J.: 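One structure, pasted below without further comment.
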Amino acid sequence: MIYRHHIAPPRAFTQFSHDLIRHPRLSSDAVRLLTWQLSLPDGAREPLSRTAERARIGACAFTRAKRQLKEEGFVHERRLQGPGGHWITQQLVSNVPLSDAEAAKILARMPVPVPDAPVSPQLVPSARVPAAGAPTPWPADGHPKKDPGENTSHRPAEPEREPEPAPEATETPEAARALVAALPHLSPDLRRIPRGMHDELARLISRWLAAGHTPTTVRTHILRGLPDDGTPVHRPGGLLRYLLRDVPPAPTPTSSVPAAEQPTPARPSSRLAALRECEGDHVQATLFRPTGDETLCRRCLTPPPAGARV
């Protein structure tokens, strides 16, 4: 039997709804990240990544917690171009779930920060009626106590969800293996992928290829999933496993669909918008920054010196 004794703090405290603390789809890291942000004083400029560092939340755990908060409507983000062409990320944190339309109205009233400001001020909206439904108790079957000598890098991101059966190694096409081998050249954040995870990542990529996605689509999806706020990627293999775990439907040809009904293409990230894939003869996909309308990289355009082996 458990007995509880409460002593109200005389100062420096924050009231939270029980629905937030007992939220069934928020992990402990997500709740800690959100409550920490809501406890900051009005007008605080601390970004979520800095809060995660102060709360000692790792990179992969921070990525999962931020994704959960965004999915449940507690965190909203938008990127806009401020004075001098600088791109700025605005983050909105709320103590109740907000829809995209509600968050857009609040962010629209925010002034654009100066270029040297890290992020826009954080706002806490006024209280509103919480989401419908009775509070659900937190599940008791979480991760076991972590052993310092135990390797937990391959544990599933969400313990309550059973992992999907992976295809057999014999079904992994060579295109997927070649794409995994080229990932370290795609971004500096992916240079330390463990060799032991190459087969697993190749099986995940093969599911994308089997669903009709092209290697360019897979590379674009990975680049969009990398952090663009300077957060270091300490476990690139785990991040890639998370990004490739769910396979979305492959885009269908839109030639027969009226222009008014065609979906708006996703906007590429800032690091990908200025790059182009070389159409020359390369063993692996090669991205380069064009200066005009050229379709070949500088290496393909420059003839080899006389006597050099091709």
Side-chain angles (χ1 to χ4, degrees), residues 63 77-90 112-113 115-116 118-119 173-193 198 201-202 204-206 208-209 211-233 236-237 239-240 242-244 247-255 257 259 262-310:
T63 301
E77 285 185 327
R78 74 166 181 174
R79 287 180 58 82
L80 70 160
Q81 200 166 16
H86 295 272
W87 284 96
I88 302 168
T89 300
Q90 288 186 317
V112 179
D116 57 347
V119 293
E174 290 300 324
R177 298 183 183 275
L179 188 54
V180 172
L183 288 178
H185 305 284
L186 193 62
S187 170
D189 295 330
L190 305 177
R191 290 177 179 173
R192 295 186 296 110
I193 303 175
H198 281 203
L201 296 177
L204 293 174
I205 291 179
S206 67
W208 284 66
L209 300 179
H213 295 278
T214 63
T216 301
T217 303
V218 177
R219 288 191 292 266
T220 303
H221 174 76
I222 293 174
L223 285 176
R224 289 174 181 166
L226 297 179
D228 56 358
D229 55 357
T231 303
V233 179
L239 178 58
L240 288 172
Y242 161 71
L243 293 175
L244 299 172
V247 182
T252 56
T254 57
S255 57
V257 180
Q262 293 185 5
T264 303
R267 185 175 186 179
S269 60
S270 56
R271 69 170 68 189
L272 185 64
L275 299 180
R276 181 179 299 169
E277 185 172 350
C278 179
E279 298 181 1
D281 186 11
H282 294 276
V283 178
Q284 300 173 351
T286 302
L287 299 179
F288 71 100
R289 190 182 302 274
T291 58
D293 297 333
E294 65 270 19
T295 58
L296 299 177
C297 64
R298 182 178 302 177
R299 178 180 177 183
C300 294
L301 293 175
T302 303
R309 297 178 61 183
V310 180

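Computed from a prediction, not measured in an experiment: that's the story for all the values here.
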J.: Can you name the side-chain contact (heavy atoms from CB on, under 4.5 Å) partners of Leu239, sequence neighbours left out?
T.: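 Leu239: side-chain contact (heavy atoms from CB on, under 4.5 Å) contacts with Thr63, Leu226, Pro227, Val233, Tyr242, Leu243.
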J.: How long is the straight-line distance from OG1 of Thr220 back to NE2 of His213, given to the nearest 0.5 Å?
T.: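 Answer rounded to 0.5 Å: 11.5 Å.
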J.: What pair of heavy atoms forms the shortest contact from Cys300 to Cys278, and how long is it?
T.: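 It is SG-SG, 3.7 Å.
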J.: Excluding sequence neighbours, so at least two apart, what forms side-chain contact (heavy atoms from CB on, under 4.5 Å) with Thr214?
T.: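 With sequence neighbours excluded, Thr214 shows a side-chain contact (heavy atoms from CB on, under 4.5 Å) to Thr216, Thr217, given in chain and number order.
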J.: Could you tell me the separation between the OG atom of Ser206 and the CD atom of Glu174, rounded to the nearest 0.5 Å?
T.: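 The CD atom of Glu174 is 11.5 Å from OG of Ser206, to the nearest 0.5 Å.
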J.: Just verifying a value: how many Å separate Gln90 CD and Arg79 CZ, rounded to the nearest 0.5 Å?
T.: 11.0 Å
J.: Return the CZ to OG1 distance between Arg78 and Thr89, rounded to the nearest 0.5 Å.
T.: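 Going from CZ on Arg78 over to OG1 on Thr89, the span is 11.0 Å.
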J.: List the residues meeting side-chain contact (heavy atoms from CB on, under 4.5 Å) with Pro249, not counting sequence neighbours, and say none if there are none.
T.: none
J.: Look up atom CD1 in Ile193 and atom CG in Leu240, then write down how far apart they are to the nearest 0.5 Å.
T.: 5.0 Å
J.: To the nearest 0.5 Å, tell me how far Ile222 CD1 sits from Leu186 CG.
T.: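 Going from CD1 on Ile222 over to CG on Leu186, the span is 6.5 Å.
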J.: Please identify each residue that fulfils ring pair (Phe, Tyr, Trp, His ring centres under 6.0 Å) with His221, with sequence neighbours left out.
T.: Trp208
J.: What residues form a side-chain contact (heavy atoms from CB on, under 4.5 Å) with Ala175, not counting sequence neighbours?
T.: Leu209
J.: Grab the two heavy atoms, one from Ala211 and one from Val247, that are nearest each other, plus how far apart they are.
T.: CB-CG1, 3.8 Å
